[in-house]
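What's counted below: heavy atoms across the whole structure, side chains too, no hydrogens, waters or symmetry copies. In the text below, chain A, chain B and the rest are named by the order of the sequence lines, each starting its count at 1. Predicted model only: the values in this text are computed from it and were never measured.
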2 protein chains.
Amino acid sequence: MSWPPFDSPCLAPPPDDAGPLGPCLHCQVRHLAVCSALSPEEIQALETAASVQALEPGAVLARQGETRRHVYTVTRGALRLVRVSADGRRQVAGFALPGDFVGLSGAPTHQHDIEALAATELCRFGADAMQRLGTRYPHLQAKLLERACVELDTAREQMMSLARMTPIERMGDFLLRLAARQARAGNPGPAVALPMPRADIADHLGLTVETVSRSLTALRTRGLIALPGTYVVEILDPAGLKALEAA
Amino acid sequence: MSWPPFDSPCLAPPPDDAGPLGPCLHCQVRHLAVCSALSPEEIQALETAASVQALEPGAVLARQGETRRHVYTVTRGALRLVRVSADGRRQVAGFALPGDFVGLSGAPTHQHDIEALAATELCRFGADAMQRLGTRYPHLQAKLLERACVELDTAREQMMSLARMTPIERMGDFLLRLAARQARAGNPGPAVALPMPRADIADHLGLTVETVSRSLTALRTRGLIALPGTYVVEILDPAGLKALEAA
DNA sequence: CGCCTAGTTGAAGTTACTCAATATCCGTGG
DNA sequence: CCACGGATATTGAGTAACTTCAACTAGGCG
């Protein structure tokens, strides 16, 4: 099995004084701090509860049904959240990129398989430690809640996409969303990396691989995107893509 | 416009000593308390921040794009969360029944129109008051977070349904889910009330009204459900319905 | 009692899926 | 370094399924 090439930078470049926890954990904590406006005390508490974890492409972080013992924040790479039904139908609930939380759920067990799409690094927090921290630092928990609510909004957007958009519109929506996330993570350009194979996009958008391929071709034919490589999309006409959805 | 008949009981029957806040607020607070194992102090704080709101069928609680000033818990009736795109495509993100929270979102504005499907009563909390309460009572905020995570799980289930199920399977899934929610609210029987018209079910499941109608007929023909009235479904064979989805 | 809205049922038309063949990309081994 | 092999992606033709369009039925309110 070969995986799409994908290397994402740390969210915030590690400063020289990264400290004993190493650059990646540091930048993750910095990221959390930036997002949450945490106090030094809170950051210290987070750092104490965290540990770093690395995954090879294809590695499995968790399996559907396993007990949820940790929550994670992604610092590098990419993950997919996959659900497979008894008869083999596959659904990719989402992709986790640097800065995203993974493992948030109301259930005591994981609701998805969580698999690395590329070389991935995460910060791991014990679920109960996180809960204790949340109780001790309400501000932190408030940010977690906000994060969950944003995820909720995203999921509902995705529902709209699945329920009411044509394949081409879904593809455009997906690309714009991915571009926005990569922009937030520091990738400015029109080139968007696709860390996942076509099959994952298909299972994410409720389509077949063939339809995904045809949709990409259609967008290229219309001059909205370019496809310099299998796993790279250049967004030539963001406004045109956006217009697809609304129209 | 006429609305499906729907009357849901208060979650917990109001005791005689309902107090100055009235029976419905009382039972809502009791509900929150039961779900959250709140302390008397926390309950008192909640009651102080809350006020009751009633809606006629068809009344609009909020419009997409409006500033979110409140969060609500439903004590009676039913609501729908609707999103309409620029070109008129409609999506019902979900239905809120007694015991559900409404208004949770990561965005500063409402992401959906929120409309009453029946005579509805809610408890209203100021959004910032709620935030203050959450900071002051971490336990309460933890419950809110859990609630949001459960919503997130639900939304992802819905994604699976939209992406990978046939119309008949979606219909079965929807009915089972609705039955489970009504069971939790105290309705035990095989009879499930549909507080919404067919068009709302269609826009919720990503189908057309016609397909919804045909799916219901198909389920009835297979002996899985009965349709004693337009807005009532009897689930004759829950196992058979469940088997549809997995198969 | 009649109109109007909502729901059901039927026939035709699109659209995305399925099946099949070809092309391309990568990693491997000669 | 090039050639090969396997997997992934693209492209093409046919089919099934859902939607669309249309007619009909049922129920509620004036």
Take the protein atom [atom1] of [X] and the nucleotide atom [atom2] of [N], then report the distance between them rounded to whole Å.
X	N	atom1	atom2	result
A:Glu169	C:dA16	CD	C1'	14 Å
B:Leu227	D:dA26	CG	P	15 Å
B:Arg198	C:dA6	CZ	C1'	9 Å
B:Leu219	C:dT8	CG	P	12 Å
A:Asp203	C:dA16	CG	C1'	15 Å
B:Met196	C:dG7	CE	C1'	16 Å
B:Arg90	D:dT19	CZ	P	15 Å
B:Arg220	C:dT9	CZ	C1'	11 Å

_Five-pair end axes of the helix from C:dC1-D:dG30 to C:dG30-D:dC1 and the angle they enclose, rounded to 10°_ =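 The end-segment axes of the helix from C:dC1-D:dG30 to C:dG30-D:dC1 are tilted 30° relative to each other.
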
So, do [X] and [Y] sit near enough that their side-chain heavy atoms are less than 4.5 Å apart?
X	Y	result
A:His112	B:Arg156	yes
A:Met171	A:Leu207	no
B:Ser215	B:Arg170	no

Could you tell me whether a side-chain N or O of [X] sits under 3.5 Å from a main-chain N or O of [Y], the two making a donor and an acceptor?
X	Y	value
B:Gln158	B:His204	yes
B:Ser213	B:Val209	no
B:Arg124	B:Gln53	no
A:Arg68	A:Ala107	yes

*Reckon B:Gly229 touches a base, only the sugar-phosphate, or nothing at all at heavy-atom distances under 4.0 Å?*
nothing

*Among A:Leu205, A:Val212, A:Thr211, find the one that has a side chain to side chain contact (heavy atoms under 4.5 Å, CB included) with A:Thr208.*
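Option passing the side chain to side chain contact (heavy atoms under 4.5 Å, CB included) with A:Thr208: A:Thr211.
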
*Give me the one residue out of A:Val92, A:Leu79, A:Ile201 that meets side chain to side chain contact (heavy atoms under 4.5 Å, CB included) with A:Met196.*
A:Ile201

*Looking at D:dT11, C:dT8, C:dC17, which one has an atom nearest to any side-chain atom of B:Val209?*
C:dT8

*Among D:dA9, C:dT8, D:dT19, which nucleotide sits nearest the side chain of B:Leu207?*
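So the nucleotide nearest the side chain must be D:dT19.
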
*May I ask you to decide whether A:Arg80 forms a salt bridge with A:Asp203, counting only side-chain N to carboxylate O separations under 4.0 Å?*
no

*In plain terms, say whether A:Glu245 and B:Arg89 are close enough for a salt bridge, that is, a side-chain N and a carboxylate O under 4.0 Å apart.*
no

*For the atom pair CZ (B:Arg76) and CG (B:Leu55), what is the distance rounded to the nearest 0.5 Å?*
11.0 Å

Each nucleotide N or O in nucleotides 19-29 of chain C that has a protein N or O under 3.5 Å away: list the pair and distance.
from, atom 1, to, atom 2, distance (Å)
C:dC19, N4, A:Glu210, OE2, 3.0

*Contact residues, residues 155-165 of chain B to DNA chain C [heavy atom, < 4.0 Å]*: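 Listed by number, there are none.
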
*Let me know, please, whether B:Thr211 or A:Leu216 comes out on the 5' side of the other along DNA chain D by nearest nucleotide.*
A:Leu216

*Given D:dT20, is OP1 or OP2 found less than 4.0 Å from the side-chain N or O atoms of B:Thr208?*
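For D:dT20, neither OP1 nor OP2 has a side-chain N or O of B:Thr208 closer than 4.0 Å.
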
